[in-house]
Amino acid sequence: MPYTAQHKLATRQKILESARRLFNAKGFAAVSIEEVMSEAGLTHGGFYRHFSGKDELYAEAVRWFLCPEAPKPWQRPGQQRGRDAASKTRARRIVDAYFSRDHFNDHETCCPLIGLPSEVSHGSATVKAAYQDVLDKLLALLEADLDGRDTRERALTLVTLCIGGLVASRNVGDPGLARELREAAYRQAQNVLEGRSC
């Protein structure tokens, strides 16, 4: 008896979540299809019923981050910084979650924009398009929430601060410098949200 469409979708989502965690933690080159399938509790042979190859899986795993079903523990409302989260705009909540200690420490379910940039720069057009989809979505969410002048420019600056601040702080060996980088980028992001210059 063939599997139902719901079962196929659930299996695909398990593969995507497994791939997203592994790619974020280890990078594209270090992860095998066999490892992704094993982590998902599936056999290697079932992979090609869902994906044509590793590039397609990678691109879909990056896009999977945008799905509400994809776990993002660092985005829990209780993890917000500063003022009461309920009174904040969505842009402020995004920036707070992005710069949170939980997000900084999360190397499996973090945003692929910070977990995978060097991998993407060497990837195929498919992989780059998926990365841009996530970046475009973040940009649109931030821009839609900003008031005042130069909303596009401010949203672009916020995206750059979020991604660059986390990438730089995650890739230095000195924890003190990592903290300073993250906190400086966060302060500048707050200035941009307020409409002040950096």
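The analysis underlying the following values was restricted to heavy atoms, covering all of them including side chains, and did not include hydrogens, waters or symmetry mates. For this chain, numbers begin at 1 and follow the sequence in order.
- Between Glu17 and Gln13, every side-chain heavy-atom pair lies at or beyond the 4.5 Å cut-off.
- The CG atom of Leu135 sits 8.5 Å away from atom CG of Leu156, with the distance rounded to the nearest 0.5 Å.
- The environment of Asp147 atom CG is sparse: at most 12 non-hydrogen atoms of other residues, nucleotides or ligands sit within 6.0 angstrom.
- Val167 and Leu181 are members of different hydrophobic clusters when ILVMFWY side chains are connected at heavy-atom separations under 4.5 Å.
- Remark: side-chain polar atoms of Arg154 are paired, donor with acceptor, to backbone N or O of Leu193 under 3.5 angstrom.
- Rounding to the nearest 0.5 Å places CG of Leu161 at 14.0 Å from CZ of Arg182.
- Counting only heavy atoms from C-beta outward, the side chains of Arg92 and Gln190 approach each other to under 4.5 Å.
- Nearest heavy atom pair, residue Ala130 against residue Ala59, reads CB-O, 3.3 Å.
- Taking 4.5 Å as the limit, some side-chain heavy atom of Ser124 sits within range of a side-chain heavy atom of Val127.
- By the 4.5 Å heavy-atom criterion applied to side chains, Arg152 and Leu139 are counted as neighbours.
- Listed here is the closest heavy atom pair of Ala185 and Gly165: CB-CA, 3.8 Å.
- Counting only distance, with no hydrogens or angles, the side chain of Arg63 and the backbone of Asp133 share no donor-acceptor pair below 3.5 Å.
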Quiz item: So Leu146 and Leu158, side-chain contact (heavy atoms from CB on, under 4.5 Å) or not? Walk me through it.
Solution: CA-CA 11 Å; Leu146 296 175; Leu158 284 171; 4.2 Å; yes

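- You'll find the side chain of Cys111 reaches within 4.5 Å of the side chain of His103, heavy atoms only.
- Two residues are said to be in side-chain contact when any heavy atoms from C-beta on lie closer than 4.5 Å; Ile15 and Arg12 fail this criterion.
- Looking at Thr157, its side chain does come within 3.5 Å of a backbone N or O of Glu153 through a donor-acceptor pair.
- Once rounded to the nearest 0.5 Å, the distance linking CG of Leu9 with OG1 of Thr4 reads 9.5 Å.
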Exercise. With side-chain contact (heavy atoms from CB on, under 4.5 Å) as the test, would you mind laying out the steps for Asn191 and Glu194 before giving the verdict?
Key: CA-CA 5 Å; Asn191 286 335; Glu194 293 293 332; 5.8 Å; no

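- No side-chain heavy atom of Ile94 sits under 4.5 Å from any side-chain heavy atom of Asp145.
- At distances below 3.5 Å, not a single donor-acceptor pair connects side-chain atoms of Asp106 with backbone N or O atoms of Asp102.
- In this structure, OG1 on Thr11 lies 10.5 Å from CD on Gln6, to the nearest 0.5 angstrom.
- Ring geometry for Phe28 against Phe23 counts as tilted: the plane angle lies between 30° and 60°, on a 0 to 90° scale.
- Residues Ile163 and Tyr131 share a closest heavy-atom pair of CG2-OH, 4.3 Å.
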Sequence neighbours left out, cut at 3.5 Å: what donor-acceptor pairs do the side chains of residues 31-53 make with other protein atoms?
from  : atom 1 : to    : atom 2 : distance (Å)
Ser32 : OG     : Glu35 : N      : 3.0
Glu35 : OE2    : Lys26 : NZ     : 2.3
Ser52 : OG     : Glu56 : OE1    : 2.7

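- Smallest separation of non-hydrogen atoms from Phe104 and Ala178: CZ-CB, 4.1 Å.
- Remark: the backbone N or O of Asp96 is not paired with any side-chain donor or acceptor of Tyr186 at under 3.5 angstrom.
- Put simply, CG on Leu113 and CD on Gln132 are 11.0 Å apart, with the number rounded to the nearest 0.5 Å.
- No side-chain heavy atom of Tyr58 sits less than 4.5 Å from a side-chain heavy atom of Thr126.
- Atom CG of Leu57 and atom CZ of Arg20 lie 12.5 Å apart (nearest 0.5 Å).
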